[in-house]
Amino acid sequence: MRVTTDLWVSALLRRVFTAGGFAAVVKRGATEAGTVFVLSRGRLGEVALYGPAPQTSYDSAKPDERFFTLLDSGDDALAFDARLEKEKRFDPDIWVVEIEAGSVPVEELVSVKTE
């Protein structure tokens, strides 16, 4: 049985705060199975957007774990906001979580696939 998106996002927020960072839910989506996008902002203005990894990233050993992939990174925050607006128009049930991870790398907070 898969953990609900609401519970998973709550756990992510707790992990970020415990690591000394900051996190906020920018857009709340479907409680049970909404897609999650993570917008990571660094203290020097760098931004990275993580989205759901392709289905081929999942295997039978960990079928319930959520994997993410780096969609884009840079310093143009407006471009990321525009990308997320497109995603919201495509699927209004998405979640957008913005984090400032602090001293902990994002890869320690969410499972990122590099494929």
Side-chain angles (χ1 to χ4, degrees):
M1 182 154 126
R2 189 169 188 175
V3 172
T4 64
T5 303
D6 186 41
L7 182 62
W8 189 89
V9 169
S10 294
L12 173 61
L13 296 177
R14 184 173 296 262
R15 283 192 307 270
V16 172
F17 284 122
T18 300
F22 175 78
V25 176
V26 176
K27 183 186 180 310
R28 185 179 177 89
T31 302
E32 296 296 320
T35 302
V36 179
F37 288 87
V38 176
L39 189 63
S40 173
R41 294 189 190 265
R43 295 189 174 148
L44 300 176
E46 64 276 3
V47 183
L49 179 62
Y50 297 88
Q55 288 297 102
T56 56
S57 300
Y58 294 86
D59 60 16
S60 59
K62 295 182 180 179
D64 297 330
E65 190 170 340
R66 291 180 190 259
F67 293 114
F68 292 85
T69 187
L70 178 64
L71 300 175
D72 201 1
S73 63
D75 58 1
D76 184 9
L78 294 177
F80 293 99
D81 293 338
R83 168 91 186 252
L84 287 170
E85 284 303 317
K86 279 183 174 179
E87 294 289 348
K88 288 177 196 175
R89 283 193 302 271
F90 178 72
D91 180 6
D93 289 332
I94 69 168
W95 289 70
V96 178
V97 180
E98 188 169 323
I99 64 172
E100 189 176 292
S103 60
V104 176
V106 174
E107 292 79 10
E108 287 187 24
L109 301 169
V110 297
S111 298
V112 177
K113 290 286 190 171
T114 58
E115 298 174 351

Can you name the side chain to side chain contact (heavy atoms under 4.5 Å, CB included) partners of Val112, sequence neighbours left out? Tyr50, Glu107, Val110
Closest approach of Leu13 to Ala24 (non-hydrogen atoms, all atoms of both residues): CD2-N, 4.0 Å
By side chain to side chain contact (heavy atoms under 4.5 Å, CB included), which residues pair with Glu46, not counting sequence neighbours? Leu44
dist Thr5:OG1 -> Leu7:CG (nearest 0.5 Å) comes out at 9.5 Å
Any residue meeting side-chain hydrogen bond (donor to acceptor under 3.5 Å, both in side chains) with Ser73, in chain and number order, not counting sequence neighbours: none
Residue pairs meeting salt bridge (Lys or Arg N to Asp or Glu O under 4.0 Å), one or both in residues 25-40, sequence neighbours left out, come to Asp6-Arg28
Under the rule for ring pair (Phe, Tyr, Trp, His ring centres under 6.0 Å), what residues qualify as partners of Trp8, not counting sequence neighbours? Phe68
Spacing of Leu12 atom CG and Ile99 atom CD1 [to the nearest 0.5 Å]: 6.0 Å
Which of these, Val36, Val38, Thr4, sits in a side chain to side chain contact (heavy atoms under 4.5 Å, CB included) with Val9? Val36
Closest non-hydrogen contact found for Ser111 with Arg66 is CB-O, 3.6 Å
Side chain to side chain donor-acceptor pair (under 3.5 Å) contacts in which one or both residues fall within residues 76-90, not counting sequence neighbours: Glu85-Lys88
For the residue pair Ala101 and Leu109, what are the closest heavy atoms and their distance? CB-CD1, 3.8 Å
Considering residues at least two apart in sequence or located in another chain, which fulfil the side chain to side chain contact (heavy atoms under 4.5 Å, CB included) criterion with Arg14? Thr18
Non-neighbouring partners of Thr35 that pass side-chain hydrogen bond (donor to acceptor under 3.5 Å, both in side chains), sequence neighbours left out: none
Tracing side-chain links under 4.5 Å among I, L, V, M, F, W and Y, which residues wind up in one group with Phe90? none
Residues that Glu100 engages under salt bridge (Lys or Arg N to Asp or Glu O under 4.0 Å), provided they are two or more places apart: Arg43
What are the two closest non-hydrogen atoms of Val104 and Ala19, and how far apart are they? CG2-CB, 3.4 Å
Co-members of Leu49 in a cluster of I, L, V, M, F, W and Y side chains, linked at under 4.5 Å: Val26, Phe37, Leu39, Val47, Leu71, Phe80, Leu84, Ile94, Val96
